[in-house]
Each structure stands twice: as C-alpha cells, then as structure tokens.
Amino acid sequence: KRSHIFDFRTALMQLGLAAGSVNRIMGFVKVIFNEAEYRQDIIYNPTKGVGKVKGPSRSPDIFSQEELSILFSPENRWIWGNNSAGFTSFYLAASTGMRKGEILALEWRHIHFDENYIIVEQSWKDRNELGLPKWEKKRFACLSESLKAILLKYRSSLSNSELNRL
C-alpha cells in the first residue's frame, strides 16, 4: 500500500536523516517497485505519486566563512596533525575554488608569487591522463597573502626531489 511507503519515508525522516539522504533511499525503493511492476510481479506500484521530501535550501559542498575560520584557525591546527600537504591542499581549494584534479596537477611554475595569481591550466582526468581543467580552458585564481604564506612555508618543507608538483 502507498500508506506503507509514506510510513517508511516518515520513519527515515524521524531517524534524523537529511532530506537528500531520504530522497536517495526512496529513489532506490522506487527503482525496486518500478522493476517489479515492469516484470508484472505486482499489479500496481505503490511508490507512484510519492514525491520527494523538501529540505532546507543549502549548498552542502560549500563551507561558510565562519566554518573556514574555525577549520584553519591556529588553535585548531591539531585537526591536521602533521599533514601539511593535506592542510595546504584543502586551504588552496577553499581559497581559490580549485578542484581536486587541478590541485593534484598543480606545479610550482603555475604559482606566480610576485604577481599574486595561480594559472590553472591542467587537471588530472584520471590516474593516467593529464588534460585541460573543467570547461577545457585555463583560468586564473587569486593568490591571497595568507595562501601565499602557507604555500611558501609548505614549499620550504619539501626536499629537492619533491619540488616538481605541489
């Protein structure tokens, strides 16, 4: 019965799951019932007409300024432990909007410390293919004073053999 589907969805929400998670689970349930209906294992599909859960509008992939301040504050540096590469990479992503593949492909020659910019001209497409960044064209990212200081400190910690890529 459709009421059972609604009860199941309500139970998921009462577990405290986010609207997106509930909708994803319900999507799987709908696929199962659609397949059963297609195979004629059931006469009607009880998930028909069951809509998505509305959640608060937010961008889950974007940190707020307050969250970034907390994450990168000196008193919370312990979060990163001795992982200066992780700290530097995450700070670079948060400060410039660069994507993971772009950061992994970044070379020191792309960072112009004197002019305060980074050229984003390549990205790892997969483990073996280096290509253009998203939208198939290079772009420029601003290099703030705080990011510059972090990058220079990180570079000074590397050995000569590690100096090609960030």
Side-chain angles (χ1 to χ4, degrees), residues 8-31 51-166:
F8 177 68
R9 185 179 72 177
T10 301
L12 291 173
M13 293 185 316
Q14 289 173 343
L15 288 174
L17 296 175
S21 298
V22 171
N23 289 335
R24 197 169 310 111
I25 293 167
M26 292 304 295
F28 293 128
V29 171
K30 287 181 177 194
V31 166
K52 292 187 174 193
V53 175
K54 302 271 191 267
S57 290
R58 64 182 184 97
S59 295
D61 298 329
I62 299 172
F63 287 97
S64 70
Q65 188 64 41
E66 180 183 345
E67 290 169 325
L68 291 173
S69 295
I70 292 168
L71 192 57
F72 295 116
S73 68
E75 60 268 11
N76 289 331
R77 182 63 198 235
W78 62 268
I79 294 170
W80 301 97
N82 292 327
N83 188 354
S84 59
F87 176 85
T88 303
S89 298
F90 197 88
Y91 195 90
L92 182 62
S95 299
T96 65
M98 290 175 66
R99 295 167 181 85
K100 178 177 71 173
E102 295 167 346
I103 291 171
L104 292 172
L106 189 63
E107 298 176 15
W108 290 106
R109 65 184 175 88
H110 298 131
I111 303 171
H112 296 265
F113 290 102
D114 293 337
E115 293 87 18
N116 296 323
Y117 71 91
I118 299 171
I119 299 174
V120 183
E121 64 181 18
Q122 59 188 19
S123 178
W124 284 105
K125 302 299 183 183
D126 60 37
R127 290 180 186 241
N128 301 316
E129 183 186 355
L130 191 63
L132 292 170
K134 193 170 184 180
W135 311 115
E136 302 298 318
K137 59 183 177 181
K138 72 178 180 179
R139 68 179 191 284
F140 299 90
C142 292
L143 182 61
S144 67
E145 290 300 318
S146 59
L147 177 57
K148 185 191 299 189
I150 288 168
L151 288 169
L152 287 170
K153 182 178 179 182
Y154 177 66
R155 186 170 72 173
S156 71
S157 73
L158 299 175
S159 66
N160 286 339
S161 63
E162 299 173 306
L163 279 176
N164 185 29
R165 291 210 192 280
L166 211 62

Is R9 reaching over with its side chain to a backbone N or O of N23, donor-acceptor style, under 3.5 angstrom?
no
Nearest 0.5 Å, what's the CZ-CG distance between F140 and N116?
14.0 Å
M13 and V53: side-chain contact (heavy atoms from CB on, under 4.5 Å), yes or no, with the steps?
CA-CA 9 Å; M13 293 185 316; V53 175; 3.5 Å; yes
Taking the side chain as every heavy atom from C-beta outward, state whether F8 and I25 have any pair of such atoms under 4.5 Å apart.
yes
Measure the spacing between CD of E136 and OG of S123 and express it to the nearest 0.5 Å.
9.5 Å
Give, for atom CD of Q122 and atom CG of L104, the distance between the pair rounded to the nearest 0.5 Å.
11.0 Å
Check the pair L92, L106 against side-chain contact (heavy atoms from CB on, under 4.5 Å), reporting the backbone distance first and the verdict last.
CA-CA 11 Å; L92 182 62; L106 189 63; 3.6 Å; yes
Going by heavy atoms in the side chains, are K100 and W124 under 4.5 Å from each other?
no
Taking side chain as C-beta onward, heavy atoms only, is Y91 less than 4.5 Å from Y154?
no
So does A85 get a backbone contact from the side chain of T88, meaning a donor-acceptor N/O pair under 3.5 Å?
no
Run through L147, I150, L143, L151 and flag the one making a side chain to side chain contact (heavy atoms under 4.5 Å, CB included) with S95.
L147
Between K137 and L132, is any pair of side-chain heavy atoms under 4.5 Å apart?
no
Nearest-0.5 Å distance, CE of residue M98 to CD1 of residue I103
5.5 Å
So OG of S146 and CZ of F72: to nearest 0.5 Å the spacing works out to 10.0 Å
Straight-line distance of L15 CG to S21 OG, nearest 0.5 Å
11.0 Å
After noting the C-alpha distance and the side-chain angles of K153 and K148, does the key distance pass the side-chain contact (heavy atoms from CB on, under 4.5 Å) rule?
CA-CA 9 Å; K153 182 178 179 182; K148 185 191 299 189; over 6 Å; no
Decide yes or no for F113 and I118: does some side-chain heavy atom of the first lie under 4.5 Å from some side-chain heavy atom of the second?
no
A side-chain contact here means heavy atoms from C-beta on lying under 4.5 Å apart; do H110 and K138 qualify?
no
Taking the side chain as every heavy atom from C-beta outward, state whether E102 and T96 have any atom pair closer than 4.5 Å.
no
Before you tell me yes or no, could you show the steps for M26 and L12 under side-chain contact (heavy atoms from CB on, under 4.5 Å), namely the whole-Å CA-CA distance, both residues' side-chain angles and the distance that decides it to 0.1 Å?
CA-CA 9 Å; M26 292 304 295; L12 291 173; 4.2 Å; yes
